[in-house]
Protein chains: 2
Amino acid sequence: MGDHVSGKGLKRAQLARWTGCNLETIRYYEKIGMMPEPPRTASGYRVYDATHVARLRFILRGRELGFSIEELRGLMRLVDRGTQTCAEVKAMTDQHLADVRAKIADLKRIEKVLAATAAQCSGEEVPECPVLEALAS
Amino acid sequence: MGDHVSGKGLKRAQLARWTGCNLETIRYYEKIGMMPEPPRTASGYRVYDATHVARLRFILRGRELGFSIEELRGLMRLVDRGTQTCAEVKAMTDQHLADVRAKIADLKRIEKVLAATAAQCSGEEVPECPVLEALAS
DNA sequence: ATAAGGTCTGTAGCAACTACAGACTCAAGA
DNA sequence: TCTTGAGTCTGTAGTTGCTACAGACCTTAT
């Protein structure tokens with residue numbers, strides 16, 4: 001099938017390879033309305049162009065940064081309408097950043113407890129274990 | 001209905017309040033075999049005792065520390081058989097700790113990118129936004 | 001012509017819950 | 001005694017974000 005961009009139009013697997021996205025995930029994003037429905041060949045195959053590549057990259061990059069699908073949907077709606085403002089986007093980003101920091105704090109708390117407890121383990125072939133005691137407490 | 005421990009035996013809502021667990025989650029843990037099936041009253045109501053309280057606390061504490069249901073199932077199987085050793089439990093804990101640290105690292109990476117990008121925002125009512133540019137890149 | 005691969009659809013599965021509908025039971029007040 | 005309100009029962013569906021099938025097409029290369 002050859003992966004060179006022949007004139008124009010990518011098939012689904014090509015878009016997947018191009019963006020690093022999973023094949024099925026592309027169809028999923030279309031189903032939930034994150035990706036526009038692409039035109040089809042006469043036999044029903046999806047045909048993607050540069051706008052689809054850009055859109056998918058936007059989603060993937062957003063997901064990498066931990067934005068939820070709904071957050072990204074909101075961002076994209078603004079952009080699609082051309083009504084986005086830096087103020088609004090920054091507010092969403094700051095909110096998301098706060099969520100991320102809260103998650104980090106939570107994981108650090110967990111890490112502390114686990115590390116402190118595991119440090120008390122003898123690591124021997126004995127039934128007593130500080131970890132189990134911590135869970136049973 | 002009164003929430004004092006009348007002689008012995010808690011109903012489901014009492015166990016929930018006692019442990020801070022969600023009402024439905026108790027039934028869920030029973031369904032997936034994390035909690036033993038409790039005895040029932042003549043009319044079919046579940047009746048819990050101290051062993052159920054202890055078991056549920058174990059699960060909830062483990063979940064708070066980020067252990068998966070399957071990890072906890074493994075731990076509990078060992079304990080139920082009395083075959084657990086500190087060595088084995090410590091190994092599971094260390095593995096889990098490594099997972100937690102990996103998650104922290106990932107979130108910190110995200111935090112850095114978000115903070116750095118948001119810091120470049122003007123925050124004004126203008127359409128250009130560094131966050132959107134970062135997502136589109 | 002045929003075989004191998006790509007694509008199509010719909011659907012089911014994952015984790016770990018959470019919530020609801022509709023039926024039943026139980027205890028207390030009028 | 002009747003009623004009312006709360007608690008409980010069951011099964012099932014929804015959540016988030018994918019991922020992976022099955023079975024039917026289509027396309028391409030040999």
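Protein chains get the first letters and strands the later ones, always in sequence-line order, with residue 1 at the start of each. Just so it is clear, the model here is predicted, and its values are computed rather than measured.
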Tell me, which pairs form a salt bridge (Lys or Arg N to Asp or Glu O under 4.0 Å) where one or both residues lie in residues 123-136 of chain A, sequence neighbours left out?
none
Worked verdict on T85(B) versus V126(A) for side-chain contact (heavy atoms from CB on, under 4.5 Å)
CA-CA 5 Å; T85(B) 65; V126(A) 293; over 6 Å; no
Which of the following nucleotides, dC8(C), dA16(C), dG7(D), is nearest to the side chain of R63(B)?
dA16(C)
For T41(B) and for V47(A), find the nucleotide of DNA chain C with the closest heavy atom, then tell me which residue's nucleotide is more 5'.
V47(A)
On the nucleotide dC26(C), are OP1 or OP2 found under 4.0 Å from the side-chain N or O atoms that S43(B) carries?
yes
Return the minimal non-hydrogen interatomic distance between R61(B) and S137(A), and the atom names on each side.
NE-OG, 3.8 Å
How would you label the contact of S68(B) with the nucleic acid (heavy atoms, under 4.0 Å): base, sugar-phosphate, or nothing?
sugar-phosphate
Starting at CG of L56(A), measure out to CE of M35(A) and round the result to the nearest 0.5 Å.
4.5 Å
Just the rounded figure in Å: distance from C1' of dG7(D) to CG of L15(B).
15 Å
Students often get this wrong, so: under 4.0 angstrom with heavy atoms, is Y29(B) touching a base, only sugar-phosphate, or nothing?
sugar-phosphate
Under 3.5 Å, sequence neighbours excluded: what are the donor-acceptor pairs made by side chains of residues 19-30 of chain A?
from, atom 1, to, atom 2, distance (Å)
T19(A), OG1, L15(A), O, 2.7
T19(A), OG1, A16(A), O, 3.4
T19(A), OG1, C21(A), N, 3.3
N22(A), OD1, E24(A), N, 2.7
N22(A), OD1, T25(A), N, 3.3
E24(A), OE1, R27(A), NH2, 3.4
E30(A), OE1, R46(A), NE, 2.8

Please report the distance, rounded to the nearest Å, between CZ in R12(A) and P in dT27(D).
15 Å
Under the rule of Watson-Crick or G-U wobble with both distances under 3.5 Å, where | means paired to another strand and [ ] a crossing pair, DNA chain D maps to ||||||||||||||||||||||||||||||
Protein and nucleotides 18-20 of chain C: nitrogen or oxygen contacts under 3.5 angstrom:
from, atom 1, to, atom 2, distance (Å)
dT18(C), OP2, T25(B), OG1, 2.9
dA19(C), N7, E24(B), OE1, 3.3
dC20(C), N4, E24(B), OE1, 2.9

Can you check the R46(A) CZ to dT27(D) P distance for me, whole Å?
15 Å
Separation of L107(A) CG from L114(A) CG (nearest 0.5 Å)
10.0 Å
Separation of dG5(C) C1' from Y45(A) OH (nearest whole Å)
9 Å
To the nearest Å, how far apart are L23(B) CG and dT8(D) C1'?
9 Å
Tell me the interatomic distance from R73(A), atom CZ, to dT16(D), atom P, rounded to whole angstroms.
10 Å
With L135(B), the side chain to side chain contact (heavy atoms under 4.5 Å, CB included) member among V89(A), L60(A), I59(A), L75(A)
L75(A)
Tell me which pairs pass side-chain hydrogen bond (donor to acceptor under 3.5 Å, both in side chains) where either residue lies in residues 93-104 of chain B, with sequence neighbours left out.
E111(A)-R101(B), K90(B)-D94(B), Q95(B)-D99(B)
For residues 76-83 of chain B, tabulate all N or O donor-acceptor pairs below 3.5 Å that involve a side-chain atom, not counting sequence neighbours.
from, atom 1, to, atom 2, distance (Å)
D80(B), OD2, R55(B), NH1, 3.4
D80(B), OD2, R55(B), NH2, 2.9

Report the distance from atom CD of E37(B) to atom C1' of dC9(D), rounded to the nearest whole Å.
14 Å
Please state how far atom OH in Y48(A) lies from atom C1' in dT7(C), giving the value in whole angstrom units.
11 Å
